[in-house]
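Below is one structure, written out as structure tokens; the observations come after it.
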Amino acid sequence: MTLKNSGIARIPVRELRGVGPRLAARLADYGVHQVEDLLFHLPLRYQDRTRVTPIAAAREGDDVVVEGEVRVADIVFGRRRSLVARIQDGSGTLTLRFFHFSAAQKNSFKPGIRLRCFGQVRRGGSGLEMFHPEYRPLEGGERAIEQALTPIYPTTDGIGQNQWRNLCGQALARLQREPPQDLLPPGQHPYDLARALEYLHAPPPNAPQQLLREGRHPAQQRLALEELVAHNLALQRLRQHQREEGAPAMPLDSVRLEAFLATLPFQPTGAQQRVLAEIGADLALPVPMLRLVQGDVGSGKTLVAAGAALQAIANGYQVAIMAPTEILAEQHRASFSNWFQPLSIGMEWLSGRLKGKKREAALQRIASGEADLVIGTHALFQQDVRFHRLGLVIVDEQHRFGVHQRLALTAKGAPGQGKPHQLVMTATPIPRTLSMVAYADLDCSVIDELPPGRQAITTVLIDNARRDQVVERVAAACGQGRQAYWVCTLIEESDALQAQAAEATAAELRLALPELAIGLVHGRMKPADKESVMAAFKSGELAMLVATTVIEVGVDVANASLMIIENPERLGLAQLHQLRGRVGRGSAASHCVMLYQAPLSASGRERLIALRDSCDGFYIAERDLELRGPGEVLGTRQTGLMEFRIAQLPAHSHLLDEVQVIAALIRQRYPELAGALVQRWTGAKQAFGNV
Ligand code: ADP
Ligand code: MG
């Protein structure tokens, strides 16, 4: 297939009516350069201004057009001064309310004149109302109402909806003469591209609105398919770039691996062995490994990381392990020094709070190669961190790091030695559909087996109204030697407020249970204090630990078999599942109490029930995806990774198998289409092309 070098793709927006240098510059900031780019600037949703609704038929919450005669208009001095007008049609009356208005506006509302208004209907003190509706007087004969649904475009400061509508309207007018090129391989989609664009910019009055809202209209599916293909190609290209650089081949040293495994007090599970073998084979090749390991909390990912690290170190390379929080990084430091010190492997530690001479010394040992293994937080990818022979990068809890951060670390490979291998580990199982989109550049391994002897966690939902009973039961359990976490949650991201809430709860519990040793840990404490509290809990000195969600990841106290989570309705399913995974690590039967605040919303209730009824991280992740969407599941809302123009998950999940087939077809038979597709859909963001 040949790419046309003409048509709408080549017409600069400057050629449209009303586009001067300033608007053109604004549009360019928004990634719109050619007329074709406007066609792919798709509406977020639609308003129906195609018919007039009788006032009596308008329902609260609806966006509607109404027409009526002004009866009275007056300035009302309530809590806020407002201009209030009442209009009436044959069926009923409606109040229009303006908090910002001019004298001229008031004078124009003369009783008897007829208005056409568009706005959202709400219920107010005087029945149905509209705040600040758009309106215009109806002079003489009825003027025609809109012929298509009104698109609402994603926008930015300085370009209004009317401007977008006008520009996209002009682009549509040229669509017939100069249709954009269909970039899907021949025969891959029956729905015509130009028809799909036309339909979505200006759906006819009888368009199935429900279908459009849910993203299920064939025109939307046609474009979503193309967008997902483009996205997949972009990630594949990224992967290709990485692989072209090559990587150090690190053959498996099975003698060393076996010797190491023999020092452990347990046997690796079958799943751990399988994943270790997959990684072992990857590392032996002279192309960079790009592998994602998914395993539920407690499935033993750390051991798999250790096996990989050992293989790199045995081949004379350095390994960097990056964790998202200090607590988790410290936990890794403890595990790895336990395992690796007997093997005389040099370890180094790098966190944000390592300063001055100590930091200098650490950097020196990393640069000289004295440190074989470096564990740390994001402090690892600061500018002045230089490695001697970095061969493997392990990123734990991937969902908190964006693609760019991940790549920043691999840039630290030594010149001339190729890219370091990459191992990404996540405890939030990612639904297959989502990982096909978000991690199309990675191979996937799954640890789908827990170490033997783990007890299932029994989860119960209890209304906070019964808090006293819960406190009593917890006290009784602790009296019998069990240990408990009491987790306080707040929606606010503020550390200070979270800390306050936890402090208040700890005070309340200490008062109610003076006989119990109760500790407190939150994000505002000094690291040393945090550590000593954690150590006291781990040693059994403390019976109960009141904590904020800082304990979410990594903390491992085998004797803790009880967890109370306050206001679980505030957290996502995956986060709750992670939290809950902190208990059930030992051999005692474990319990988790979700102390919710009534009343729960319908979806809040569904989420908690999903959690009560299942301990399967993959099932929970699927439910989370359905109930909250991909941004929440991946935790990457800010990275732009999942910002699509039209594709939505899970609404378009069923397209993903087809996406892979088409992307593969393009790579093999129509490579010339790939660049144009990526440019069309991600050109504006350049999020993938350039990294
Ligand atoms: P996660 O996958 O959540 O990172 P960890 O690697 O922290 O899990 O392992 C959880 C606990 O299970 C640790 O105490 C670890 O030592 C232990 N563990 C790991 N693998 C096994 C195994 N095969 N048999 C028994 N215990 C294991
Ligand atoms: Mg872990």
Side-chain angles (χ1 to χ4, degrees), residues 257-258 260-277 279 291-310 321-342 373 375-377 394-401 423-430 444-457 483 485 534 537-539 549-561 563 574-588 590 615-618 620-621 635:
L257 181 63
E258 288 307 323
F260 162 62
L261 293 177
T263 65
L264 299 176
F266 50 73
Q267 288 275 331
T269 61
Q272 282 171 320
Q273 281 173 15
R274 190 188 65 238
V275 175
L276 274 169
I279 295 169
R291 188 169 286 277
L292 175 69
V293 172
Q294 301 185 47
D296 217 336
V297 249
S299 62
K301 292 182 292 295
T302 324
L303 176 63
V304 167
L310 200 63
I321 301 186
M322 182 167 69
T325 63
E326 298 237 331
I327 290 196
L328 187 57
E330 270 157 40
Q331 178 102 10
H332 280 330
R333 177 160 74 151
S335 308
F336 280 93
S337 41
N338 208 354
W339 290 337
F340 282 3
Q341 232 134 50
L373 178 67
I375 297 176
T377 56
I394 301 176
V395 180
D396 200 3
E397 310 292 346
Q398 148 72 12
H399 63 296
R400 292 163 185 247
F401 296 108
L423 182 63
V424 172
M425 306 197 295
T426 170
T428 312
I430 299 163
C444 229
S445 294
V446 180
I447 310 184
D448 49 5
E449 182 184 351
L450 290 180
R454 290 282 164 78
Q455 300 292 318
I457 304 167
Q483 283 178 285
Y485 293 102
M534 289 308 305
F537 188 57
K538 203 160 182 164
S539 73
T549 47
V550 294
I551 60 156
E552 179 189 346
V553 279
V555 181
D556 199 8
V557 178
N559 191 46
S561 60
M563 177 176 284
Q575 204 183 357
L576 287 168
H577 181 60
Q578 290 239 354
L579 270 173
R580 178 174 67 174
R582 299 303 111 203
V583 295
R585 297 214 145 192
S587 50
S590 296
C615 275
D616 176 348
F618 277 92
I620 288 170

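Remember, predicted model here, so these are calculated numbers, not experimental data. One-based numbering, in listed order, for ligands and for the atoms of each.
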Working to the nearest 0.5 angstrom, can you tell me the gap between Ile620 CD1 and His577 NE2?
4.5 Å
pair Leu261-Gln272: side-chain heavy atoms closer than 4.5 Å:
no
For Ser299, the side chain to side chain donor-acceptor pair (under 3.5 Å) test, sequence neighbours excluded, returns none
Quick check on contacts: which atoms of ligand 1 are under 4.0 angstrom from a heavy atom of Thr302?
4 (O), 5 (P), 6 (O), 7 (O)
What are the atoms of ligand 1, with element, lying closer than 4.0 Å to any heavy atom of Gln267?
22 (C), 23 (N), 24 (N)
Atoms of ligand 1 less than 4.0 Å from Asp296 heavy atoms?
2 (O)
Show the atoms of ligand 1 that are less than 4.0 angstrom away from any heavy atom in Thr269.
23 (N)
Look at the side chain of Arg274 and the backbone N and O of Ser445, then say whether any donor-acceptor pair between them is shorter than 3.5 Å.
no
At less than 4.0 angstrom from any non-hydrogen atom of Pro268, what atoms of ligand 1 do you find?
23 (N)
If you measure every N/O of Gly295 against every N/O of ligand 1, is any gap under 3.5 Å?
no
Looking only at distances, please establish whether an N/O atom of ligand 1 is found under 3.5 Å from an N/O atom of Lys301.
yes
Give the numbers and elements of all ligand 1 atoms closer than 4.0 Å to a heavy atom of Ser299.
2 (O), 8 (O)
Gly300 N/O under 3.5 Å from ligand 1 N/O
yes
Flag the pair Arg291 / Val275 as yes when at least one side-chain heavy-atom distance between them is below 4.5 Å, and no otherwise.
no
Provide the number and element of each atom of ligand 1 under 4.0 Å from a heavy atom of Gln272.
19 (C), 20 (N), 22 (C), 23 (N)
Does the pair Asp296 and Phe618 meet the rule for a side chain to side chain contact (heavy atoms under 4.5 Å, CB included), with working shown?
CA-CA 8 Å; Asp296 217 336; Phe618 277 92; 6.0 Å; no
Can you sort out the partners of Asn559 under side chain to side chain donor-acceptor pair (under 3.5 Å), two or more places apart, ordered by chain and number?
Gln483
